[in-house]
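One structure below.
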Amino acid sequence: MSMPSVRSYSRPSGYLKEAPQPPLMPRLKLLRLSVTDLCNFRCRYCMPLEGVSKPLHCCLLSFECLTSLVAFLSIQAGINTIRLTGGEPLVRPGVEHLIAELSSLPTIQEVSLTTNGSLLFKRAWNLAAAGLSSVNVSLDSLDKERFKEVTRGGNLDRTLAGIKAAQAAGLTPIKLNSVLHRSTWHQEVPRLLDFAADAGFEIRFIELIRTGTERAWCESEFVSVDEVCGGLGTEIVPVKEQNQAPEQRTLLNWHGTIVNVGWITPRFHPLCDNCECLRMDAQGQLRRCLMDPKTFDLPRILATMNGQAVRQEFQSYIADKFSPQATDSLFAMSQIGG
């Protein structure tokens, strides 16, 4: 499959400054809200083996404070969709309360969650009752030993049970997220497509990007979506009406079953022109992009400036939402809400 190219990229680090000046306020819709950088898995592309430093409790904003910040972003930037991320969002106690608070905001249309699925089995129904609409579940392998290796300790059966519980609780459509690895994609991708086709799930395949301390390993395991698509030997048809997510949505004819497949290609076919996303961590720090080194301290700005000055500072920051030149970061993925 030929992926559409947005623009040509050179490889210097940092954030693009030569791009054409965008409108003062780019059109935004989705906020990826990381409620914690902790996780019960240690996926190599996401988190160091030893994990990350456990944040002091006082450093994490309360759910009420996070809800207030979301309300500000909804009014000032048009945010109407929230996706809770981590780390693993379900390791933070009481996240159902945050979901209920966010769902009660009149401007928020949808609250979803990205999870490794390991804690869904006992909580799916409570999450749905709180107002959660759907889940994205990370699933890189359907082989128990390979899954344990990739997650550095995860249990495949628990994740599969969580997916089943989420489906029963109505947290649909369930989307599977799978990161591509050069050494295993020939085995993993067909099995994952079988699973998605049988269950009626959507699935997204994601190219590795260089993050944290594992950048050399990520480079050695990188395989492009172009190579994977070319090796599947099946018909792949782009969806005519693409959404505003930075992915190429396609329909794939997999042994007679049509599967909705998204391809996320940050390295060679970045779809940044479609991006309507902001990111915020559990301390209220905003990022315009996963790879953006410059954060915006929203709680401090709100606490030290008046209304008009806050709006001007925020609009100035958002106006510089450009596409990154380099798809790598010194931060672990879990620390930037990957």
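Met305 and Ile318 fall within the same hydrophobic cluster, defined by Ile, Leu, Val, Met, Phe, Trp and Tyr side-chain heavy atoms under 4.5 Å apart, directly or through other members. There is a path of hydrophobic side-chain contacts, each under 4.5 Å, that joins Leu142 to Val135. Linking ILVMFWY side-chain heavy atoms closer than 4.5 Å, directly or via other members, places Leu105 and Leu98 in a single hydrophobic cluster. The hydrophobic cluster containing Ile258 also contains Val239, counting ILVMFWY residues as joined when their side-chain heavy atoms lie under 4.5 angstrom apart, directly or transitively. Under the 4.5 Å side-chain heavy-atom criterion for ILVMFWY residues, a single connected hydrophobic cluster contains both Leu113 and Val91.
Contact check for Leu30 versus Arg32: side-chain heavy atoms found under the 4.5 Å cut-off. The closest side-chain heavy-atom distance from Ile206 to Tyr45 is not below 4.5 Å. Counting only heavy atoms from C-beta outward, the side chains of Asp194 and Trp254 approach each other to under 4.5 Å. Residues Leu208 and Val179 have side chains in contact (heavy-atom distance under 4.5 Å, counting atoms from C-beta outward). With a 4.5 Å cut-off on side-chain heavy atoms, Phe205 and Val228 do not count as touching. Side-chain contact between Leu127 and Leu120 is present, with at least one heavy-atom pair separated by less than 4.5 Å. Using a 4.5 Å cut-off on side-chain heavy atoms (C-beta onward), Thr265 and Gln248 make no contact. For the pair Leu139/Ile203, no side-chain contact is recorded, criterion being any heavy-atom separation below 4.5 Å from C-beta on.
To the nearest 0.5 Å, atom CZ of residue Arg279 and atom CG of residue Leu286 are 12.0 Å apart. Here CD of Glu101 is found 9.5 Å from OG of Ser62. Values are rounded to the nearest 0.5 Å. Residue Asp320 holds its CG atom at 6.5 Å from NZ of Lys294, rounded to the nearest 0.5 Å. If you take CG on Leu278 and CD1 on Ile82, they are separated by 10.0 Å, rounding to the nearest 0.5 Å. Remark: Leu69 CG to Leu298 CG distance equals 5.0 Å, nearest 0.5 Å. We find the CG-CH2 distance between Leu171 and Trp125 to be 8.5 Å, quoted to the nearest 0.5 Å.
A donor-acceptor contact shorter than 3.5 Å is absent between the side chain of Thr85 and the backbone of Thr114. Judged by distance alone, with hydrogens and angles left aside, the side-chain atoms of Glu207 form a donor-acceptor pair with the main-chain N or O of Val225 at under 3.5 Å. The backbone N or O of Arg287 lies less than 3.5 Å from no partner atom in the side chain of Thr295, so there is not a single donor-acceptor pair. A donor-acceptor pair is defined here as one N or O able to donate and one able to accept, closer than 3.5 Å; such a pair exists between the side chain of Arg288 and the backbone of Tyr317. Arg92 contributes a side-chain N or O that, together with a main-chain N or O of Val35, makes up a donor-acceptor pair within less than 3.5 Å. Listed for the Ser316 side chain is no donor-acceptor partner under 3.5 Å among the backbone atoms of Glu313. Not one N or O on the side chain of Ser134 forms a donor-acceptor pair closer than 3.5 Å with the backbone of Thr172. Listed for the Lys321 side chain is a donor-acceptor partner under 3.5 Å among the backbone atoms of Cys277.
His181 and Gln187 share no side-chain donor-acceptor pair at under 3.5 Å. If you check the side chains of Glu188 and Ser141, you find a donor sitting under 3.5 Å from an acceptor.
Taking each heavy atom of Ile301 and Phe296 in turn, the nearest pair found is CG1-CZ, 3.8 Å. Nearest heavy-atom pair across Ser220 and Trp217 is OG-O, 2.7 Å. Taking each heavy atom of Gly284 and Pro299 in turn, the nearest pair found is O-CD, 3.2 Å. In terms of heavy atoms, Val111 sits closest to Ser103 at CG2-OG, 3.7 Å. Contact between Glu221 and Ser183 at its shortest, heavy atoms only, is OE2-OG, 2.8 Å. Between Ser138 and Thr159, the shortest heavy-atom distance links the atoms O-CG2, 4.4 Å.
Between Phe314 and Phe72, the ring planes are perpendicular. Angles over 60° get that label, and only those under 30° would be called parallel. Ring geometry, His97 versus Phe63: the interplanar angle falls from 30° to 60°, so the pair is classed tilted.
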**Asked** Val261 and Arg204: side chain to side chain contact (heavy atoms under 4.5 Å, CB included), yes or no, with the steps?
**Response** CA-CA 5 Å; Val261 182; Arg204 303 194 304 174; over 6 Å; no

**Request:** Apply side chain to side chain contact (heavy atoms under 4.5 Å, CB included) to Asp157 and Phe121, showing your working.
**Result:** CA-CA 11 Å; Asp157 288 337; Phe121 179 72; over 6 Å; no

**Request:** Apply the test side chain to side chain contact (heavy atoms under 4.5 Å, CB included) to residues Asp143 and Arg191: give CA-CA distance (whole Å), side-chain angles for both, the deciding distance (0.1 Å), then the verdict.
**Result:** CA-CA 9 Å; Asp143 178 88; Arg191 293 188 66 182; 3.7 Å; yes

**Request:** Dump the intermediate steps for side-chain hydrogen bond (donor to acceptor under 3.5 Å, both in side chains) on Glu88 and Thr36, then the final yes or no.
**Result:** CA-CA 7 Å; Glu88 169 52 49; Thr36 180; over 6 Å; no

**Request:** Please test Leu84 against Leu102 for side chain to side chain contact (heavy atoms under 4.5 Å, CB included), starting from the C-alpha separation and ending with a verdict.
**Result:** CA-CA 10 Å; Leu84 302 181; Leu102 295 173; 4.0 Å; yes

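Classification of Glu202 and Arg249 as a salt-bridged pair fails, no side-chain N sitting under 4.0 Å from a carboxylate O.
Exactly one of Thr184, Asp140, Thr151 qualifies for a side chain to side chain donor-acceptor pair (under 3.5 Å) with Arg146. That residue is Thr184.
Residues satisfying the side-chain hydrogen bond (donor to acceptor under 3.5 Å, both in side chains) test with Ser118, not counting sequence neighbours, are Asn40, Asn116.
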